[in-house]
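Numbers for residues simply follow the sequence, beginning at 1.
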Amino acid sequence: MTDAEKIYEILKDLTDEDLSEKGDTNLFETGLLDSMATVQLLLEIQTELNVDVPVSEFERSEWETPNKIIAKVQTLQ
């Protein structure tokens, strides 16, 4: 499974939505992610993809869509 597929799987678990065809959906504006779900997302990414995501460096604008999450994770690997 690719990192992108894993991220879409994590997002589906958190949002109950299949976003694999909706990579530019703003997860915050649509209400799919709130602050608690964002923390869960970061923890899942750390666990599943072994990527350290420092909360102090979290910029919401860099994590607002599935495509941006995938790109950000790739830069952290």
Undergrad: Can you tell me if Glu5 uses its side chain to pair, donor with acceptor, with the backbone of Thr2 under 3.5 Å?
TA: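 Side chain of Glu5 to backbone of Thr2: a pair is present.
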Undergrad: Considering all heavy atoms of both residues, which atom of Glu44 and which atom of Ile10 are nearest to each other, and what is their separation?
TA: CB-CG2, 3.6 Å
Undergrad: Please tell me if the side chains of Glu17 and Lys22 come closer than 4.5 Å, counting only heavy atoms from C-beta onward.
TA: yes
Undergrad: Give every donor-acceptor pair under 3.5 Å between a side-chain atom in residues 70-77 and any protein atom, sequence neighbours left out.
TA:
| unit_1 | atom_1 | unit_2 | atom_2 | d |
| --- | --- | --- | --- | --- |
| Lys72 | NZ | Glu62 | OE1 | 3.0 |
| Thr75 | OG1 | Lys72 | O | 2.7 |
| Gln77 | NE2 | Asp3 | OD2 | 2.7 |

Undergrad: Would you sort out whether Leu49 and Lys6 count as a side chain to side chain contact (heavy atoms under 4.5 Å, CB included), showing the intermediate values?
TA: CA-CA 8 Å; Leu49 299 173; Lys6 185 65 90 172; 3.7 Å; yes
Undergrad: CD of Glu9 to CD1 of Ile7: how many Å apart, nearest 0.5 Å?
TA: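 Answer for the CD-CD1 pair, Glu9 versus Ile7, is 11.0 Å.
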Undergrad: Would you give the length of the straight line joining atom CG of Leu41 to atom CH2 of Trp63, rounded to the nearest 0.5 angstrom?
TA: 6.5 Å
Undergrad: If you compare all heavy atoms of Leu14 against all heavy atoms of Ala37, which two are closest, and at what distance to 0.1 Å?
TA: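 That would be CD1-O, 3.7 Å.
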Undergrad: Looking only at the side chains, is there a donor atom on one of Ser20 and Asp18 sitting less than 3.5 Å from an acceptor on the other?
TA: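 Looking only at side-chain atoms, Asp18 and Ser20 do form a donor-acceptor pair, the distance falling under 3.5 Å.
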Undergrad: Let's go through Leu42 and Phe58 carefully: what are the C-alpha distance in whole Å and the side-chain angles of both, what is the deciding distance for side chain to side chain contact (heavy atoms under 4.5 Å, CB included) to 0.1 Å, and is it a yes or a no?
TA: CA-CA 9 Å; Leu42 297 178; Phe58 179 84; 4.0 Å; yes
Undergrad: Using the rule that two of Ile, Leu, Val, Met, Phe, Trp, Tyr join whenever any of their side-chain heavy atoms come within less than 4.5 Å, decide whether Leu32 and Leu43 are in one cluster.
TA: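 In one cluster: no.
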Undergrad: Can you establish whether the number of heavy atoms outside Met1 located under 6.0 Å from its atom CE is more than 12?
TA: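 Count over threshold, so yes.
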Undergrad: Does a side-chain heavy-atom distance below 4.5 Å link Ile69 with Ile45?
TA: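 Answer yes - side chains close enough.
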Undergrad: Do Leu27 and Leu19 have side chains that get closer than 4.5 Å, going by heavy atoms?
TA: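 Yes, close enough: below the 4.5 Å cut-off.
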Undergrad: Identify the two heavy atoms, one from Arg60 and one from Phe28, that lie closest to each other, and give their separation to 0.1 Å.
TA: NH2-CB, 2.9 Å
Undergrad: Is there a side-chain contact between Thr15 and Thr30 (heavy atoms, below 4.5 Å)?
TA: no
Undergrad: Drop me the distance from Leu11's CG to Asp16's CG, to the nearest 0.5 angstrom.
TA: 11.5 Å
Undergrad: Under 3.5 Å, is there a donor-acceptor pair between the side chain of Asn67 and the main chain of Gly23?
TA: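 Such a contact is found between Asn67 side chain and Gly23 backbone.
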